[in-house]
2 protein chains.
Amino acid sequence: MKPNRIKLSDVADAAGVSAATVSRALRNPDIVSQKVRERIQFVIDELGYVPDPAARALASARTDVIGVLIPSVTNSVFADVLRGIYSAAEGTSYRIQLGNTRYSVLEEEKLLKVFLSQRPAGLIVTGIDQSAASRAMLLKAECPVVQIMETGDRPVDMMVGFSHREGAFAATCHLIENGYKRIAFLGARMDPRTQRRLEGFSQALREAGLLDERLIVTTPRPSTVTLGSELLGELLARAPDADAVFCNNDDLALGVLFECQRRRIAVPDELGICGFNDLEMMAVANPAITSVRTFREEMGGRAFELLLGSLNGAPVGEGIVDLGFELVRRESTRRSALN
Amino acid sequence: MKPNRIKLSDVADAAGVSAATVSRALRNPDIVSQKVRERIQFVIDELGYVPDPAARALASARTDVIGVLIPSVTNSVFADVLRGIYSAAEGTSYRIQLGNTRYSVLEEEKLLKVFLSQRPAGLIVTGIDQSAASRAMLLKAECPVVQIMETGDRPVDMMVGFSHREGAFAATCHLIENGYKRIAFLGARMDPRTQRRLEGFSQALREAGLLDERLIVTTPRPSTVTLGSELLGELLARAPDADAVFCNNDDLALGVLFECQRRRIAVPDELGICGFNDLEMMAVANPAITSVRTFREEMGGRAFELLLGSLNGAPVGEGIVDLGFELVRRESTRRSALN
DNA sequence: TTGTAGGCGTTATCAG
DNA sequence: CTGATAACGCCTACAA
């Protein structure tokens, strides 16, 4: 079955020391004499010893697993965050355990239970809208927890994100400043973050006295480029005089752009387009699309570093990191003439 | 530290049975009497017992971890594969452990070592170009292994993918049939699969007597939409008379399209564009972009199912699954008039 | 600095 | 069908 895997005691025998010493040489090299340490290392290489993580976990009641819960593996926004996490994890001994909640709080709850049962070293979860049960589990988890993608009061533990509300608010103000009057909102997959963007959008327009509910087009369907084209169609059928669209994300914005090209609607003069997230392709689209840049990879990286710090007993201090956002103005909202 | 987590023996005590019976009720419900089983289940719910995977792994020398090694977490191609894997894993008790090799065989080797040390239930690895050491490890792994994304002889164990070479060959033939004569290749991140696509491309042109090495533009840089625009610029500087481009993937193709729009190059008449993978946005671009559709999500799903089958002692039989590809002809290569 | 001994929570073996 | 009883491989006081 499992032939003769080398174990700690084999190494100990071969090195002429006790198993405990080998264990220490692995965990706390500092408290083992230089000579012994070297001999042990030599034997380990010689024999090709690889520690059994299960045994370690059982004996020490700890693992080197960092659990990460995200709502989607295909959404490039989360892929970017993941990349940041993996980069930061690079070189450390921690492993990433990924859970896909598929935008479901119940699924998140289930996964949390499974993850917690493993005694993870740390946890990264998406957003701040966990179910009450999930929140309770997180609060009494015996490991550091980081909530990412958003900021808010009432963090479970630590937090790194930005305000979607303010991001959308800034983008909408930008549209207003550029002279657009009939500004629409296109939204898909109305998750909590999308909702907050809609709030920011609405507030900006309300303050400017320009809010028209009929210009808000949303759908629970997942966001795609194709959907962006469709939603623009819906919008124009309903309100042909819309002169700008704030898209809930860049996929939609791109779809809108393609649809404009197809319908020969001039961007930005006839219709302004603004996206959200600033995916790489926004800058090279034709015309280049204005968007709200978010720092996704950095968000993942910082989240991991926060965990690391906490695991190394860093001063608990400032547990909330606001990475902000940056409105990137491009041609798609740069009107040559106001009407 | 770790307060008073409920354990198997607690359940056993409360249910008035032995620990062994509780364990059996969990693993092999069939061999436990109905009555006892129900009582145990009741107690489990009551106490909120959650098994410790580490202890289980140690005692049984098995885990429910499926290791997955992919070269990139942000490349949407692999994100799609991942999604397929997660969907298939849904409902099973297996957990996915993701490793990011970053297109490095050495990194892959390292990760493989770590993964193997966990006694995974199964392994999914990308491609067929593992290092000799990796291949050796895989061959003697005590778990089923699936190589994905490609097909080939000499599988380590099982395999599910398609021929990149043939996909590119078919796409190139399509361009030739549509009257294009000066067909270029744009490639980024020249990984093994990209190389094989280039082979298919070259072969098709060679057979048609149209191969011109100067029309092959490649770079090791990672593929992005922006890069697609840049590469087209390079190509046209070098060979202004190119009349079609086969792009190594859809990101590049999109970049090429944008650049054509910018330079007022008519697609498909002045320049034909063909991508690879058929991402969702290809169909909605303007004009819609011809591409080679690949079945990424299905690939992930099948890979997982193959593992499952193998774990359930399915007849080892047919271990190589070729999912094929599908050339999707769209406007970007539909020339209205031949020259 | 190093060794000894006991235990971490489950499963597997073998009786009953 | 159920119950003892040993492992599983490593860690962690406690001693030396």
Side-chain angles (χ1 to χ4, degrees), chain A residues 1-41 43-44 47-65 93 114 116-119 121 142, chain B residues 1-41 43-44 47-65 93 114 116-119 121 142:
Chain A
M1 196 62 152
K2 156 204 36 159
N4 38 8
R5 188 165 143 158
I6 309 276
K7 51 192 185 190
L8 195 66
S9 59
D10 296 329
V11 175
D13 292 349
V17 296
S18 74
T21 302
V22 178
S23 175
R24 282 188 285 253
L26 253 32
R27 303 293 137 235
N28 278 325
D30 318 318
I31 64 170
V32 174
S33 74
Q34 167 99 22
K35 276 173 54 181
V36 175
R37 207 192 317 157
E38 284 172 355
R39 183 145 37 94
I40 290 177
Q41 187 52 56
V43 173
I44 286 181
L47 267 44
Y49 165 69
V50 183
D52 181 330
R56 198 221 293 300
L58 182 56
S60 67
R62 278 183 285 113
T63 67
D64 49 4
V65 170
S93 64
V114 175
L116 248 12
S117 81
Q118 293 180 66
R119 308 179 183 293
E142 334 155 23
Chain B
M1 194 65 148
K2 157 205 36 159
N4 37 8
R5 189 164 143 159
I6 310 277
K7 51 192 182 188
L8 194 65
S9 59
D10 296 330
V11 175
D13 291 349
V17 296
S18 74
T21 301
V22 178
S23 175
R24 280 189 286 253
L26 253 31
R27 304 294 141 233
N28 278 328
D30 318 317
I31 65 170
V32 174
S33 74
Q34 165 99 24
K35 277 173 55 181
V36 175
R37 207 191 320 157
E38 284 172 354
R39 185 146 35 94
I40 290 177
Q41 187 54 55
V43 175
I44 286 180
L47 268 42
Y49 166 69
V50 182
D52 181 330
R56 195 220 294 298
L58 182 57
S60 66
R62 279 182 287 110
T63 67
D64 49 4
V65 170
S93 65
V114 175
L116 248 14
S117 81
Q118 293 180 66
R119 309 180 182 291
E142 336 156 22

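In what follows, chains carry the letters A, B, and so on, assigned in the order in which the sequence lines appear, proteins first and then strands, with residues in each chain numbered from 1. What you see below is based on every heavy atom in this structure, not just the backbone, and it leaves out hydrogens, waters and symmetry mates. Every value quoted in this text rests on a predicted model; they were computed, and no experiment measured them.
In this structure, the CG atom of B/D10 is 14 Å from the C1' atom of C/dC8, given to the nearest Å. Nucleotide D/dC8 holds its P atom 13 Å from the CZ atom of A/R5, rounded to whole Å. Distance, A/L58 CG to C/dT11 C1': 12 Å, rounded to whole Å. Rounded to an integer number of Å, the gap from CZ of A/R56 to C1' of D/dG9 is 11 Å. Going from atom CG of B/D64 over to atom P of C/dT11 covers 11 Å, rounded to whole Å. At whole-Å resolution of the value, CG in B/D52 and C1' in D/dC11 are 15 Å apart. Distance A/E38 CD to C/dT1 P: 15 Å, rounded to the nearest Å.
Between the CD1 atom of B/I6 and the CG atom of B/D52 there is a distance of 13.5 Å, given to the nearest 0.5 Å. One distance of note links CZ of B/R37 with CG of B/N28; it measures 11.0 Å at 0.5 Å rounding. To the nearest 0.5 Å, atoms CD1 (A/I40) and OH (A/Y49) are separated by 11.0 Å.
For DNA chain D, the neighbouring residues in residues 25-33 of chain B, judged by any heavy atom under 4.0 Å, are B/I31, B/V32, B/S33. For the segment residues 15-24 of chain A, the set of residues with a heavy atom within less than 4.0 Å of an atom of DNA chain C comprises A/V17, A/S18, A/A20, A/T21, A/R24, in numerical order.
Under the side-chain contact (heavy atoms from CB on, under 4.5 Å) criterion, A/Q41 pairs with A/I44, A/D45, sequence neighbours left out.
The shortest side-chain heavy-atom distance between B/L26 and B/L8 falls under the 4.5 Å cut-off. Counting heavy atoms from C-beta on, the side chains of B/P51 and B/R27 come closer than 4.5 Å. Residues B/R5 and A/S117 are in side-chain contact: their nearest non-hydrogen atoms beyond the backbone lie under 4.5 Å apart.
The backbone N or O of B/D10 sits nowhere less than 3.5 Å from a side-chain atom of B/D13 that would complete a donor-acceptor pair. The main-chain N or O of A/R119 is found under 3.5 Å from a side-chain atom of A/T63 such that the two form a donor-acceptor pair.
With distances taken from any side-chain atom of A/A59 to the nucleotides D/dC11, C/dT11, C/dT10, the minimum falls on D/dC11.
A/L8 comes within contact range of the sugar-phosphate backbone alone, with a heavy-atom separation under 4.0 Å but no base atom that close.
Where A/A55 and B/V36 meet DNA chain D, the nucleotide closest to each residue was compared, and B/V36 sits on the side nearer the 5' end.
Look at B/R62 and you'll find a side-chain N or O under 4.0 angstrom from OP1 or OP2 of C/dA12.
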